[in-house]
Amino acid sequence: MAKEFTLPAYGIVPTVSASKKLPKRTEALIVPVFEGEEDLVLAASGLFTEAVELELLKTLTALGATGAAEEITKVPAPAATNLDLIVAVGLGNADEVTDTVVRRAAGVAVRELKGVHKAATTLGTFGVQAAVEGAILGAYTYRGLRTAELPERKTPVAELVFVGADKAAVERARITAAAVALARDLVNTASSHLYPETYATLTAGLAKRAGLQVEVLDEAALAKAGYGGILAVGGGSTRQPRLVRLTYRAKKAAKHVALVGKGVTFDTGGISIKPSANMDHMISDMGGSAAVIATIIAAAQLQLNVNVTATVPMAENMPGGGAYRPGDVITHYGGTTCEVLNTDAEGRLILADAIARACEDNPDYLIEVSTLTGAQLVALGTRTTGVLGSDTFRDRVAELGRSVDEPAWAMPIPEEIASSALKSPVADLRNIATHRFAGMLVAGHFLSEFVADDVEWAHMDVAGPAFNTESGYGFTPARGTGAPVRTLLAALQDVSDQR
Ligand code: BES
Ligand code: MN
Ligand code: ZN
């Protein structure tokens with residue numbers, strides 16, 4: 001086997017644990033507060049005497065705290081508490097507290113704990129899963145290869161204790177958050193370090209440690225098996241492409257979900273080269289694959305009751321001497337031919353091969369995730385994933401996304417696009433439409449041509465949601481977001497619950 005490979009840098013996250021009581025030497029406490037009819041309401045924590053609670057309430061009110069969702073008020077802790085700092089975080093109206101409110105509140109509150117070693121919170125009593133996810137994901141700090149030490153006052157809280165939370169529930173949430181953090185780490189890693197060979201080696205190592213079956217196809221194996229899309233896209237780079245296949249088998253699962261993720265480790269556009277402004281964002285063009293890899297690993301750790309395979313094509317889209325050209329006709333895995341009219345519409349070409357391969361295993365469902373089109377951003381903005389596919393399953397996946405606060409919206413594949421937009425005079429398909437409309441939907445139609453008839457499927461276009469080019473908010477940092485890992489885990493859980 002190839003040498004082990006680790007990422008050059010990882011995001012910093014706190015360790016989490018559950019406790020019945022407030023542990024000794026806790027420096028800071030995150031206290032949930034509500035917007036009452038007239039006054040601020042302190043969430044009954046039972047941690048302090050009534051006198052101390054009243055004192056705290058008085059201080060918070062004097063500072064103007066209202067309890068509005070995500071509102072932060074920092075105060076020195078009352079002397080009797082043995083704490084240094086109280087961070088009050090609003091949850092809004094006490095009757096309308098949802099997981100989304102708790103997750104976002106935990107995310108913003110934990111960022112107020114920089115420089116603190118040990119902190120605690122009762123937020124978990126309003127939803128453990130959401131509180132733990134929000135806290136870990138909000139604290140996540142990626143510094144890459146900066147050589148200067150992080151000053152203490154900017155260091156995320158090291159240890160966070162969830163008072164009154166169930167230990168097993170904290171652990172499940174920790175696994176989920178770790179999966180999101182892994183997807184973020186992969187996306188945040190520069191293409192100088194993460195390219196098909198290193199990405200495949202790293203993935204194989206992580207997957208084996210989680211007990212998954214692993215298969216890696218290198219360029220020779222890809223050529224032998226006829227993966228014409230992956231080889232064409234990867235041909236312009238000196239770093240040759242890979243196809244990684246991971247398998248998780250549950251003890252006695254009824255259903256099989258195939259996951260497929262776009263792993264373009266850098267997208268220059270190839271011969272149809274992109275403009276240079278913001279081209280660096282294309283280090284995130286493997287965000288779909290990162291989400292899929294992190295998800296199948298977490299599925300194994302959580303021992304979900306569903307069989308899962310991940311089929312991940314990895315390629316670097318470069319304009320080198322071996323690059324494919326506009327006008328080329330390529331033959332995908334399985335035999336479908338395609339006329340390439342734009343080498344920047346490369347994601348669909350590697351995904352076509354991967355989807356065809358994934359369907360050979362006869363899965364019940366297929367979910368494919370990709371940073372596929374700029375048109376997704378035009379249609380739905382930076383944060384909302386476009387979901388296309390078979391009607392019922394597509395709608396279900398979009399709804400599950402919203403339920404875990406990874407916004408998603410179902411989109412159609414209109415009849416006129418399916419019937420004529422991708423007709424070629426020289427091949428079965430062309431890779432871009434003859435017109436400039438509805439680019440996200442055209443791409444979805446292209447992919448649909450490679451999905452087996454009896455497979456319910458969903459395509460998630462995360463071009464915007466996978467990479468946050470603005471500043472952080474809620475539990476989401478700048479750069480890699482880890483979307484849509486939690487939607488994928490919710491979908492796997494949903495399928496396993498159906499039985
Ligand atoms: N990786 C891009 C899509 C993308 C754009 C992701 C912006 C994230 C942010 C994809 O490979 C691409 O270049 N798509 C083209 C397709 C077009 C040539 C039909 C696009 O959207 O412009
Ligand atoms: Mn492209
Ligand atoms: Zn791309």
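Every number for a ligand or one of its atoms is a count from 1 in the order of the listing.
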Could you tell me if Tyr10 and Asn188 have a donor-acceptor pair between their side chains, going purely by distance under 3.5 Å? no
Value for OG1 (Thr336) from CD (Glu449), rounded to nearest 0.5 Å, stands at 7.5 Å
With Glu70 via salt bridge (Lys or Arg N to Asp or Glu O under 4.0 Å) - residues at least two apart: none
Sphere of radius 2.8 Å around the Mn ion (ligand 2) - protein N, O or S atoms inside: Asp267 OD2, Asp344 O, Asp344 OD1, Glu346 OE1
For the side chain of Glu406 and the backbone of Thr487, is there at least one donor-acceptor N/O pair under 3.5 Å apart? yes
Stacked cation flag Arg184 on Tyr140, 6.0 angstrom / 45 deg: yes
Any sub-3.5 Å donor-acceptor pair from Asn431's side-chain atoms to Ala345's backbone N or O? yes
Classify the ring geometry between Phe450 and Phe446 as parallel (under 30°), tilted (30 to 60°) or perpendicular (over 60°). tilted
If you leave out waters, which protein N, O or S atoms are less than 2.8 Å from the Zn ion (ligand 3)? Lys262 NZ, Asp267 OD2, Asp285 OD2, Glu346 OE2
Could Lys154 and Glu149 be called an ion pair, given the rule that one side-chain N must be under 4.0 Å from one carboxylate O? no
Under the 6.0 Å and 45° cation-pi test, does Arg239 pair with Phe266? no
Donor-acceptor contact present, side-chain Ser237 to main-chain Met318, <3.5 Å: no
Verdict with reasoning, Asp344 to Lys274, per salt bridge (charged side-chain N to carboxylate O under 4.0 Å, His left out): CA-CA 8 Å; Asp344 197 13; Lys274 288 181 181 296; 2.9 Å; yes
Would His256 and Thr309 count as having a side-chain donor-acceptor pair, cut-off 3.5 Å? yes
In a simple table, one pair per line, please give the protein and ligand 1 atom names for every N or O pair closer than 3.5 Å, along with the distance.
{"residue": "ligand 1", "atom": "1 (N)", "partner": "Lys262", "partner atom": "NZ", "Å": "3.3"}
{"residue": "ligand 1", "atom": "1 (N)", "partner": "Asp267", "partner atom": "OD2", "Å": "3.2"}
{"residue": "ligand 1", "atom": "1 (N)", "partner": "Asp285", "partner atom": "OD1", "Å": "2.9"}
{"residue": "ligand 1", "atom": "1 (N)", "partner": "Asp285", "partner atom": "OD2", "Å": "3.0"}
{"residue": "ligand 1", "atom": "1 (N)", "partner": "Thr371", "partner atom": "O", "Å": "3.4"}
{"residue": "ligand 1", "atom": "11 (O)", "partner": "Lys262", "partner atom": "NZ", "Å": "3.2"}
{"residue": "ligand 1", "atom": "11 (O)", "partner": "Asp267", "partner atom": "OD2", "Å": "2.9"}
{"residue": "ligand 1", "atom": "11 (O)", "partner": "Asp344", "partner atom": "O", "Å": "3.1"}
{"residue": "ligand 1", "atom": "11 (O)", "partner": "Glu346", "partner atom": "OE1", "Å": "2.8"}
{"residue": "ligand 1", "atom": "11 (O)", "partner": "Glu346", "partner atom": "OE2", "Å": "3.0"}
{"residue": "ligand 1", "atom": "13 (O)", "partner": "Lys274", "partner atom": "NZ", "Å": "2.8"}
{"residue": "ligand 1", "atom": "13 (O)", "partner": "Asp344", "partner atom": "O", "Å": "3.0"}
{"residue": "ligand 1", "atom": "13 (O)", "partner": "Asp344", "partner atom": "OD1", "Å": "2.8"}
{"residue": "ligand 1", "atom": "13 (O)", "partner": "Asp344", "partner atom": "OD2", "Å": "3.2"}
{"residue": "ligand 1", "atom": "14 (N)", "partner": "Leu372", "partner atom": "O", "Å": "3.4"}
{"residue": "ligand 1", "atom": "21 (O)", "partner": "Gly374", "partner atom": "N", "Å": "2.7"}

Would you check if there is a donor-acceptor pair between the side chains of Thr337 and Asp428 at a distance under 3.5 Å? yes
